[in-house]
Amino acid sequence: MRKNFRPDWQPENAGAEFACSVMPGVPLASDCNAEARAAPPAKAKAVLTADDYARGILAGDRVMLSRAITVIESNAPKHFELGQEIIQKILPHSGKAMRIGITGVPGAGKSTFIEAFGTYLCGEGCKVAVLAVDPSSSLSKGSILGDKTRMENLAREKNAFIRPSPSGGSLGGVTRKSRETMLLCEAAGYDAVLVETVGVGQSETMVRSMVDYFLVVVITGAGDDLQGIKKGIIELADSILVNKADGDNKMKAMMARADYDQILHYLRPATEGWKTRAYTCSSITGEGIPEMWSVIKDFRENVTASGIFSKRRKEQTIEWVRAMTAEYLQNRISQNAELTKCREDIERKVIAGAITPTVAAKAVIGSMERLLFTATDET
């Protein structure tokens, strides 16, 4: 090491004794961002209250609506009370929209139809909210949430609001918070709320219990003819829509429509002012889209006159209570540490072959009654 070396010594850019030149360094911290340091510290964001959310929603603020939905969908205990307070405040302003559930097998073109249908409604002067539910992974619990990306044209409409949400493992093709989200959209002034489910099978029909009009989208060539007459999702539909009726597939779609009409004659006889029928449309050309809106308006007029509309709304409310009760019980069970340990012990005995699954299930239920309900009764 060089004699008389000083740590603060820096060579000058002169002479041949140095192998490289030294570039000027970064200025000292005392010389940097003097103006920023002199400025007052930024104020922390104010915590929004339920009144703030309610005012924003009623004013049609889409950003505030999105933030409120995030609160509703949150599993955090601190957000539960706030979410329920928001719903309570906007509840008198909800209930005026037409709730339309749209389901079908994967690949039936639900998202493409919703984009074409929603864009048409916006052109007719309606405000449209789309609640698109994507399936969640059973492993990572995540979702791609790509429906908003696929509805590119509809997303540009100023009277449209698209909210993709993960199903969170809920059965029936919808998220467990879909009912609350619909109320928020209605309070924000949307005339039609379209609930797109994940691709569902014949028994996943939960969406039927939360909408006014239930549309099942089907395609031709997706299976054998017997699939159409199997009871399940078909017999609950208010209309069947054969999608992709364009090009070389148009004639097949027309034949499928006629077949479904015959099937519906036996599965869904005309009752209380409405006859379920099959229709065709092309989400690419737009053919059949205006007809579907006319059908939905006729449906609302007819079932309102017969009292079915009011009956369905009451049934939706009762189903909501039952779903919330089941969710509350499930949360209590999952959050009880003692019960979790007891269940794990019983499961280990099943794996070891010491007891049968039936006996194990009975033991878990007995532990649940002892740890949860007996303690509640004593208090």
Side-chain angles (χ1 to χ4, degrees), residues 98 100-121 124 130 132 147 150-151 153-154 173 192 194-205 207-208 211-303:
M98 185 66 184
I100 304 171
I102 301 173
T103 190
V105 297
K110 299 185 296 297
S111 297
T112 309
F113 166 74
I114 288 175
E115 180 179 38
F117 186 59
T119 303
Y120 170 78
L121 293 183
E124 293 293 302
V130 178
D147 283 297
R150 288 188 291 179
M151 301 179 191
N153 294 327
L154 183 58
L194 312 181
V195 183
E196 179 196 4
T197 74
V198 303
V200 298
Q202 290 165 321
S203 61
E204 297 173 282
T205 56
V207 67
R208 179 65 185 81
V211 296
D212 306 314
Y213 180 85
F214 188 37
L215 177 65
V216 177
V217 181
V218 299
I219 50 176
T220 60
D224 59 89
D225 295 337
L226 186 61
Q227 293 294 330
I229 61 175
K230 286 184 177 180
K231 290 190 175 182
I233 201 168
I234 297 296
E235 65 177 347
L236 295 176
D238 294 307
S239 292
I240 304 293
L241 179 64
V242 184
N243 197 14
K244 303 183 181 181
D246 46 48
D248 297 336
N249 198 50
K250 186 172 183 178
M251 185 58 66
K252 294 180 181 178
M254 298 298 291
M255 294 173 61
R257 172 183 175 172
D259 291 340
Y260 274 106
D261 270 334
Q262 288 185 330
I263 295 168
L264 291 169
H265 177 73
Y266 298 100
L267 290 183
R268 293 296 304 272
T271 56
E272 300 174 307
W274 184 250
K275 172 65 177 176
T276 300
R277 298 184 183 279
Y279 305 89
T280 59
C281 88
S282 169
S283 302
I284 304 300
T285 66
E287 184 178 354
I289 298 294
E291 181 186 10
M292 281 311 306
W293 182 232
S294 297
V295 169
I296 293 173
K297 289 192 293 185
D298 291 342
F299 170 84
R300 179 161 188 169
E301 182 179 346
N302 291 338
V303 297

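Predicted model, so just to flag it, every value in this text is computed and none were measured. Index from 1, following the sequence.
The side chain to side chain donor-acceptor pair (under 3.5 Å) test applied to Glu287 returns Lys250, not counting sequence neighbours. Residues that satisfy the side chain to side chain donor-acceptor pair (under 3.5 Å) test with Asn153, not counting sequence neighbours, are Arg156. Every residue was checked against the side chain to side chain donor-acceptor pair (under 3.5 Å) condition with Thr280, not counting sequence neighbours, and none meets it. With sequence neighbours left out, Asp212 forms a salt bridge (charged side-chain N to carboxylate O under 4.0 Å, His left out) with Arg313. For Phe299, the ring pair (Phe, Tyr, Trp, His ring centres under 6.0 Å) partners are Tyr213, Trp274, not counting sequence neighbours. Under the side-chain contact (heavy atoms from CB on, under 4.5 Å) criterion, Lys252 pairs with Thr220, Asn249, sequence neighbours left out.
If you take CD1 on Ile100 and CZ on Phe214, they are separated by 13.0 Å, rounding to the nearest 0.5 Å. With rounding to the nearest 0.5 angstrom, the CD1 atom of Ile102 is 5.0 Å from the CG atom of Leu194. Distance check: Arg300 CZ to Lys297 NZ gives 12.0 Å after rounding to the nearest 0.5 Å. Separation of atoms CG (Leu236) and OG1 (Thr276) is listed at 10.0 Å; rounding is to 0.5 Å. To the nearest 0.5 Å, atom CD1 of residue Ile219 and atom NZ of residue Lys244 are 5.0 Å apart. We find the CG-SG distance between Asp246 and Cys281 to be 9.0 Å, quoted to the nearest 0.5 Å.
Across all their heavy atoms, Val242 and Ala256 have their closest contact at CG1-CB, 4.2 Å. The two atoms that bring Pro290 and Gly286 nearest to each other are CD-O, 3.6 Å, heavy atoms only. Between Met292 and Leu215, the shortest heavy-atom contact is CE-CD1, 3.9 Å.
Contact annotation: the side chain of Asp238 approaches that of Arg208 to within less than 4.5 Å [non-hydrogen atoms, C-beta and beyond]. Looking at heavy atoms from C-beta onward, Ile240 lies out of side-chain contact with Asp261 at the 4.5 angstrom threshold.
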Would Glu196 and Ser111 count as a side chain to side chain contact (heavy atoms under 4.5 Å, CB included) here? Give the steps.
CA-CA 8 Å; Glu196 179 196 4; Ser111 297; 2.8 Å; yes
Run the numbers on Leu121 and Phe117 for side chain to side chain contact (heavy atoms under 4.5 Å, CB included), then give the verdict.
CA-CA 6 Å; Leu121 293 183; Phe117 186 59; 3.7 Å; yes
Step by step, would you call Arg277 with Val295 a side chain to side chain contact (heavy atoms under 4.5 Å, CB included)?
CA-CA 10 Å; Arg277 298 184 183 279; Val295 169; over 6 Å; no
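The backbone N or O of Tyr279 sits nowhere less than 3.5 Å from a side-chain atom of Ser239 that would complete a donor-acceptor pair. Panel note: side chain Asn243, backbone Ala108; a donor-acceptor pair is recorded below 3.5 Å.
No side-chain donor from either of Glu115 and Ser283 sits under 3.5 Å from a side-chain acceptor of the other.
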